[in-house]
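Just so it is clear: chains get the letters A, B, ... in the order the sequence lines come, proteins before strands, and each one is counted from 1.
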Amino acid sequence: MEKIQKIKGFADLFPPDSGVFAFIEATARSVFTRYGYQELRIPILERTELFSRSIGEETDVVQKEMYTFPDRKGRSLTLRPEATAGVMRALIEEKRADDGLAKYFAYGPMFRYERPQKGRMRQFHQIDVEAVGSGEPLLDAEILLMLRHYLTELGLTQLTVELNSLGCPVCRPVFLDVLREFLKGMHKEQLCEDCMRRKLTNPLRVLDCKVPQCKEFTADAPKITDHLCPECAEHFAAVRRILDAAGLEYVLNPRLVRGLDYYVRTTFEIVSGAIGAQSSVAGGGRYDGLVSSLGGPDVPGVGFACGMERLALLIAQNTTPAPDFFVAVLDPAGLDTGLLLAQHLRREGFAGEAPFAAKSTKSQMRAAGKSGARFCLLLGPDELATGSVVVKDMTTSTQESLPRDDVAAFLRAHCA
RNA sequence: GUGACUGUAGCUCAGUUGGUAGAGUCCCAGGUUGUGGCCCUGGUUGCCGUGGGUUCGAGUCCCAUCAGUCACCCCA
């Protein structure tokens, strides 16, 4: 029969990688709940319009990266390419968007039809954090501090925080005019094909272009942070003041532009130099107009997303914990007894295995050694006859014979 | 969507100027050992990604195709 293989850009996750993901999730829950965030679980499939309206019609994500298809009744559905839109939809739909300060985190798979490479899959996983209901710079600062706290708890310290402010509906259009004016005279010899289009549709993105030539010709382009309105300037200054006081180091990057249109004011990105070209492990910012643009109340919000695959690239492979025992059955007639002994010990809280086939003594002892188990429990003919078991300490090579009923107590006394 | 590189045992890879496949590891059995991680002996495992072509003969050359990797792009 012909083998069926997985879809390009989708992955099977075996140990120890699956353990790394479990660690990433467990740490997120542990840290975020300390800041008052609660878990929210939302659908993977949404109506396409949710994403085109929130992320932005002109973005690459919407234009060429979404898994969009009609359902059986012809409605256009899309596998979520990011989590924020769905969370906002849920908050609005369940009338929790203006319910004081709503703080939630969510994690799970996202889907983007891109060419796979290191740190970029078509199905990838994000941890998403959203706080809706406050426009105060204190919230921007707290969420960034929490993100740093989380990454530190994951053991990741060699990361750079990039920070910028994108202004608001008052000052950004003014800046965009200034920027358009600056870009107006640029020709095809100066900007790449994409940027020639962007300078009309989405001029901010020109600043973020990676093409060397574009960088060169936009080197002295106006900076948004020089054109913020007084309110935005004060907001940004306040955020920075708190971060400085908290000892959070960051670099200002006036060219940092998020790929999603809904961001305003504070935006940030966490970058690693150790995971290849897809260097951003987390990114986010403030999105004060988003909720109302999706038909909800006019409430401000801040959020970020972490790429779990990218975090996993940075986390040392955690070894699965060694089992407590390993049963070696030296007489084929003892296989049943071995299984029952293992089962008894598992109920008592210990981890370990018993064999399903009577292999040679040598290979069983070898397997016991390789499993890393602290104790090897030997069942030979004598032990089967007397209801006992030989307990061998694999670290000291000492052993003693015990009644099988006493093994649990013995392990409890010797295992930490 | 564009480009470069790769595709040989379960895993990591070698395979020289084209002559119908090899090592290590893993697994199994045995030896040594105080019933285990070291060491020694023996053994199993391959549509050489797939489909064409050149040739007396192709893992080795050519074309196509599929898959993977990295980069562009984009983003977490």
Any N or O donor-acceptor pair linking the side chain of [X] to the base of [N] at under 3.5 Å?
X	N	answer
A:Lys392	B:G34	no
A:Lys8	B:G68	no
A:Lys362	B:G36	no

What does [X] touch in the nucleic acid at a heavy-atom separation under 4.0 angstrom: a base, only the sugar-phosphate, or nothing?
X	value
A:Met394	base
A:Glu65	sugar-phosphate
A:Ser397	base
A:Phe124	base
A:Gly372	nothing
A:Ala368	nothing

Take atom [atom1] in [N] and the same atom in [M], then report the distance between them in whole Å.
N	M	atom1	answer
B:U44	B:G10	C1'	12 Å
B:A9	B:C5	C1'	24 Å
B:G59	B:U54	P	16 Å
B:A14	B:G22	C1'	7 Å
B:G43	B:A23	P	10 Å
B:U33	B:G68	C1'	45 Å
B:G3	B:U65	P	12 Å
B:U16	B:C62	P	14 Å

Strictly below 4.0 Å, N to O, side chains only: are [X] and [Y] in salt-bridge contact?
X	Y	value
A:Arg241	A:Asp244	no
A:Glu153	A:Arg34	yes
A:Arg122	A:Glu114	no

Practice task
Start with the C-alpha distance between A:Thr78 and A:Thr68, add both sets of side-chain angles, then the distance that settles side chain to side chain donor-acceptor pair (under 3.5 Å), and finish with yes or no.
Solution key: CA-CA 4 Å; A:Thr78 294; A:Thr68 297; 2.8 Å; yes

Problem - Any donor-acceptor N or O pair under 3.5 Å, side chains A:Glu130, A:Tyr287 - result: yes

Problem - Side-chain donor-acceptor pair present, A:His235, A:Asp140, cut-off under 3.5 Å - result: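 Side chains of A:His235 and A:Asp140: pair found under 3.5 Å.
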
State which of [options] makes the closest approach to the side chain of [X].
X	options	answer
A:Arg120	B:C27, B:G36, B:A76	B:A76
A:Arg112	B:C26, B:A71, B:C75	B:C75
A:Ser363	B:C26, B:A29, B:A76	B:A29
A:Arg366	B:C75, B:C73, B:G36	B:G36
A:Val61	B:G31, B:C75, B:C27	B:C75

Handout entry: Closest-nucleotide ordering on RNA chain B, the 5'-leading residue of A:Leu378 and A:Ser279
Key =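 Nearer the 5' end of the strand: A:Leu378.
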
Atom [atom1] of [X] and atom [atom2] of [N]: how far apart are they, to the nearest Å?
X	N	atom1	atom2	value
A:Gln5	B:G7	CD	P	18 Å
A:Leu144	B:A76	CG	P	15 Å
A:Leu314	B:A76	CG	P	17 Å
A:Leu330	B:G36	CG	C1'	12 Å
A:Asp12	B:G10	CG	P	18 Å
A:Phe10	B:G68	CZ	P	12 Å
A:Tyr113	B:G1	OH	C1'	10 Å
A:Gln117	B:U69	CD	C1'	10 Å

Problem - Pairwise distance CD1(A:Ile270) to SG(A:Cys306) - rounded to 0.5 angstrom - result: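 Answer rounded to 0.5 Å: 8.0 Å.
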
Counting only side-chain nitrogens and oxygens, does [X] get under 4.0 Å of the OP1 or OP2 atom of [N]?
X	N	result
A:Lys118	B:G68	no
A:Ser360	B:A29	yes
A:Gln278	B:A76	no

Practice task
Verify the ring-centre separation between A:Tyr150 and A:Phe32: is it less than 6.0 angstrom?
Solution key: yes

Exercise for the section: Go through RNA chain B and write down every stem, that is, every run of at least three consecutive Watson-Crick or G-U wobble pairs with distances under 3.5 Å, as range with range. Expected result: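 In RNA chain B, stems of three or more pairs: B:1-7 with B:66-72, B:10-13 with B:22-25, B:27-31 with B:39-43, B:49-53 with B:61-65.
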
Exercise for the section: Could you check A:Leu314 against A:Leu159 for side chain to side chain contact (heavy atoms under 4.5 Å, CB included), going step by step and ending with a plain yes or no? Expected result: CA-CA 10 Å; A:Leu314 288 164; A:Leu159 298 169; 4.0 Å; yes

